[in-house]
Q: 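My questions all concern the structure below.
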Amino acid sequence: MTETAFKSEFLKTMQARGYIHQVTHPEELDAACCKGPVTGYIGYDATAPSLHVGNLITIMMLRRLQQTGHKPIVIVGGGTTKVGDPSGKDETRQLRTAEEIEANIASQKQAFAKFLTFGDGETDAILVNNDEWLSKLGYIDFLREYGVHFTINRMLTFDSVKLRLEREQPLTFIEFNYMLMQATDFLELERRYGCVLQMGGSDQWGNIVNGVDLIRRVDQKPAFGLTTPLLSTSSGAKMGKTAQGAVWLNADMLSPYDYWQFWRNTEDGDVGRFLKLFTDLPLDEIARLEALQGAEINDAKKVLANEATRMLHGEAEAAKAAAAAQAAFELGGLSADLPTHEVARADLEAGVMLADLAVAAGLAASKGEARRLAQGGGLRVNDKAEADANRAVTAADLVDGVVKLAAGKKKIVLVKPV
RNA sequence: GGGGGAAUGUCCCGAGUGGCAAAGGGGGCGGACUGUAAAUCCGCUGCUGUAAUGGCUUCGUAGGUUCGAGUCCUACUUCCCCCA
């Protein structure tokens, strides 16, 4: 990144909070942002039913855009998902059916509304499905209108294509066309909404630059691109994966408690960076939290968890998650807000094999895993390590009406008779 | 169209002479140490089951040879390379 001193509120914020990896025409964009509301967009893939933490950084970029007086457009890739982005993939993506894509888009919409204000106002966010124009394109029309602006020579130089070829992995023709579709999107948004900025992860740089060039060439209008660094933890792991899988944003796919835990377990070295990227806290407050040393940095992690959870799931859920965590980890007690698993009272009275219970409660994937877990000393019943997964858990194990079952120190489930 | 090669534990990479539930690594999980951190060390990492020997299902797909097949044979699928 160049050491440009930005004048616009938007770019100053973006730079200070660490969102910027690369920008096209920085001075020109800066000037445009000073002049008035700028419309910018980010596209999202509709391959999964929920967005995950990996998408969060770009959603936050749109939020910053709106916060600094500009207009964000969320474009859901109904059309592009039908094609499949080859960027960063060695393997051809599975093609989704139209129905799957529709369902995924509907489900993703909920998350965007938590971070952006939608509406008809000048700086209100709007959500657009690119299927609207992409699926209407006839092949010949597409080739004549857009195909003429792209040379194969140039396309072969883009990483998404080059890497695949270098590794001798197949790249299908449909994937090869993806970048044209994305460029077309940008052009279409520019024409329909006067959108001049496309943002995205650094892996999107090639695709974004294509769109910028297309607009500048075809319409002789200004257009800009901005990418964020790929997010990884300071120990190098990819962000957004945890034990159970992806960190989803939809509450029905990942509970607010688990979401809170995800942030609470941030590595020391990432706390400051994440506070800047994922919370609205002022920078001086973040600087103070970041400076905490040793065990005190845990306070900063709690702030991070609270803020991040509040933004997505609301004040009440964040408070509940925080309270449950405090009860479980700091006071050693129980909280009704911990994840629970219900069993029939009659079954419990008859006795349920511990291994079966652990599997049913989601603490182990199979009985064998539960057994191994127990042998390794990681399975706890009411805080007592239980080496024998064959023992029966009965009503006698109830403490205050529940059995506290834990796999390791962090995964806790309360078993409730019903 | 002709010739050569590849596909392995359904997370990934990857070794594998006919006796293999299959080396090693990454990742993941658990334990110890800590601060619900990182690093480090130890254990586990197909399903099922026992106090234990076990049973079942796995090496692209389908057949075959064999007491026994990831390993040999045949066909098929997909991919890569070379020639046309």
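Just so it is clear, the structure is predicted and the values come from calculations on it, not from any experiment. Computed from heavy atoms alone, side chains included, the values below leave out hydrogens, waters and symmetry copies. Sequence lines set the chain letters: A, B, ... in the order given, protein chains first and strands last, and positions in each chain run from 1.
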Q: Residues in salt bridge (Lys or Arg N to Asp or Glu O under 4.0 Å) with A:Glu317, at least two apart?
A: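 Residues passing salt bridge (Lys or Arg N to Asp or Glu O under 4.0 Å) with A:Glu317: A:Lys320.
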Q: Could you measure between the two P atoms, the one in B:U10 and the one in B:A6, and give it in whole Å?
A: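 Rounded to whole Å, the distance is 23 Å.
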Q: Return the nucleotide paired to B:A38: Watson-Crick means purine N1 to pyrimidine N3 with N6-O4 or O6-N4, wobble means G-U with N1-O2 and O6-N3, both under 3.5 Å.
A: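 Pair assignment: B:A38 / none.
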Q: Suppose you measure atom P in B:G28 against the same atom in B:A21; what distance do you get, rounded to whole Å?
A: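 Rounded to whole Å, the distance is 30 Å.
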Q: Grab the CG-P distance between A:Leu379 and B:G30 for me, whole Å please.
A: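 About 11 Å, once rounded to whole Å.
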Q: Say you pick atom P in B:C81 and the same atom in B:U57; how far apart are they, in whole Å?
A: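 The answer is 39 Å between these two P atoms.
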Q: Kindly say if A:Lys367 contacts the phosphate of B:G49, meaning a side-chain N or O under 4.0 Å from OP1 or OP2.
A: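 Looking at the OP1 and OP2 atoms of B:G49, one of them is under 4.0 Å from a side-chain N or O of A:Lys367.
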Q: Hey, what do you get for OG1 (A:Thr68) to CZ (A:Phe10), rounding to the nearest 0.5 Å?
A: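 One gets 5.5 Å once the value is rounded to the nearest 0.5 Å.
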Q: Please report, to 0.1 Å, the donor-acceptor pairs under 3.5 Å made by any side chain of residues 277-290 of chain A, with sequence neighbours excluded.
A:
unit_1: A:Thr279; atom_1: OG1; unit_2: A:Leu275; atom_2: O; d: 2.6
unit_1: A:Thr279; atom_1: OG1; unit_2: A:Leu281; atom_2: N; d: 3.3
unit_1: A:Asp280; atom_1: OD1; unit_2: A:Arg63; atom_2: NE; d: 3.4
unit_1: A:Asp280; atom_1: OD1; unit_2: A:Arg64; atom_2: NH1; d: 2.6
unit_1: A:Asp280; atom_1: OD1; unit_2: A:Gln67; atom_2: NE2; d: 3.2
unit_1: A:Asp280; atom_1: OD2; unit_2: A:Arg63; atom_2: NE; d: 3.1
unit_1: A:Asp280; atom_1: OD2; unit_2: A:Arg63; atom_2: NH2; d: 2.4
unit_1: A:Asp280; atom_1: OD2; unit_2: A:Gln67; atom_2: NE2; d: 3.2
unit_1: A:Glu285; atom_1: OE2; unit_2: A:Arg288; atom_2: NH2; d: 3.3

Q: I'd like the C1' distance from B:G24 over to B:C76, given in whole Å.
A: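 One C1' to the other, the span is 33 Å.
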Q: Taking B:G14 as the reference, what is the distance to B:G26 when you measure between their C1' atoms (whole Å, please)?
A: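 It works out to 10 Å between them.
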Q: Quick test of your reading: applying ring pair (Phe, Tyr, Trp, His ring centres under 6.0 Å), list the pairs with at least one residue in residues 301-320 of chain A, sequence neighbours left out, ordered by first then second residue.
A: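 Applying ring pair (Phe, Tyr, Trp, His ring centres under 6.0 Å) to every pair that reaches into residues 301-320 of chain A, excluding sequence neighbours, yields A:Tyr259-A:His313.
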Q: side-chain contact (heavy atoms from CB on, under 4.5 Å) with A:Leu405: which of A:Asn382, A:Leu414, A:Val381?
A: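 Per the side-chain contact (heavy atoms from CB on, under 4.5 Å) rule, the option paired with A:Leu405 is A:Val381, out of A:Asn382, A:Leu414, A:Val381.
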Q: Would you tabulate the side-chain donor-acceptor contacts of residues 136-156 of chain A under 3.5 Å, counting partners in other chains and residues two or more places apart, or write 'none'?
A:
unit_1: A:Lys136; atom_1: NZ; unit_2: A:Glu132; atom_2: O; d: 3.0
unit_1: A:His149; atom_1: NE2; unit_2: A:Glu145; atom_2: O; d: 3.4
unit_1: A:Thr151; atom_1: OG1; unit_2: A:Arg154; atom_2: N; d: 3.1
unit_1: A:Arg154; atom_1: NH1; unit_2: A:Asp213; atom_2: OD2; d: 3.3

Q: Does B:C72 pair with anything, Watson-Crick or G-U wobble, both distances under 3.5 Å, and if so, with which nucleotide?
A: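 Check on B:C72: paired to B:G64, both distances under 3.5 Å.
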Q: Provide the distance between the two P atoms, one in B:C79 and one in B:G43, to the nearest whole Å.
A: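 To the nearest whole Å, 43 Å.
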Q: Of the candidate nucleotides B:C29, B:U50, B:U45, which contains the atom at the shortest distance from the side chain of A:Arg371?
A: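 Given the options B:C29, B:U50, B:U45, the side chain of A:Arg371 is closest to B:U50.
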Q: Specify the separation, in whole Å, of atom CG of A:Asp388 and atom C1' of B:A51.
A: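 Rounded to the whole Å, the gap is 11 Å.
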Q: Sorted by first residue and then second, give each salt bridge (charged side-chain N to carboxylate O under 4.0 Å, His left out) pair with at least one member in residues 66-75 of chain A; sequence neighbours left out.
A: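 Checked against salt bridge (charged side-chain N to carboxylate O under 4.0 Å, His left out) - neighbours excluded - no pair reaches residues 66-75 of chain A.
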Q: Can you tell me the distance, in whole Å, between the CG atom of A:Leu363 and the P atom of B:G28?
A: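 Roughly 19 Å, once rounded to whole Å.
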Q: With rounding to the closest Å, how many angstrom separate the P atoms on B:C73 and B:C41?
A: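 My reading of the P atoms in B:C73 and B:C41 gives 44 Å.
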Q: Who does B:U57 pair with, Watson-Crick or G-U, both distances under 3.5 Å?
A: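 Partner of B:U57: none.
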Q: C1' atom, B:A51 versus B:U61: distance in rounded Å?
A: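 The answer is 43 Å between these two C1' atoms.
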Q: I need a per-nucleotide contact map over nucleotides 31-37 of chain B, read 5' to 3'. Cutoff is protein heavy atoms under 4.0 Å; write B for the base, S for backbone only, - otherwise.
A: SS--BBB
Q: Where does B:C80 fall, syn or anti, if syn means a chi angle no more than 90° from 0?
A: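 This nucleotide is in anti.
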Q: Both distances below 3.5 Å, Watson-Crick or wobble geometry, any strand: find the nucleotide opposite B:A7.
A: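 Here B:A7 is engaged in a pair, and the nucleotide opposite it is B:U77.
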Q: In Watson-Crick or G-U wobble terms, both distances under 3.5 Å, what is the partner of B:G27?
A: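 The base-pairing partner of B:G27, which may sit in any strand shown, is B:U45.
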Q: Can A:Phe118 and A:Phe112 be said to form a ring-ring contact (aromatic ring centres under 6.0 Å, His included), step by step?
A: CA-CA 9 Å; A:Phe118 286 87; A:Phe112 288 114; 7.1 Å; no
Q: Within the pair A:Arg372 and B:U48, is there a side-chain N or O less than 4.0 Å away from OP1 or OP2?
A: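 No, outside the criterion.
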Q: Taking only N and O in the side chain of A:Ser366, is any of them less than 4.0 Å away from OP1 or OP2 of B:G46?
A: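 False: A:Ser366 side-chain N/O out of range (4.0 Å or more) of B:G46 OP1/OP2.
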Q: Taking pairing as Watson-Crick or G-U wobble with both contacts under 3.5 Å, can you name the mate of B:G1, or confirm there isn't one?
A: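 Because both required distances fall under 3.5 Å, B:G1 counts as paired with B:C83.
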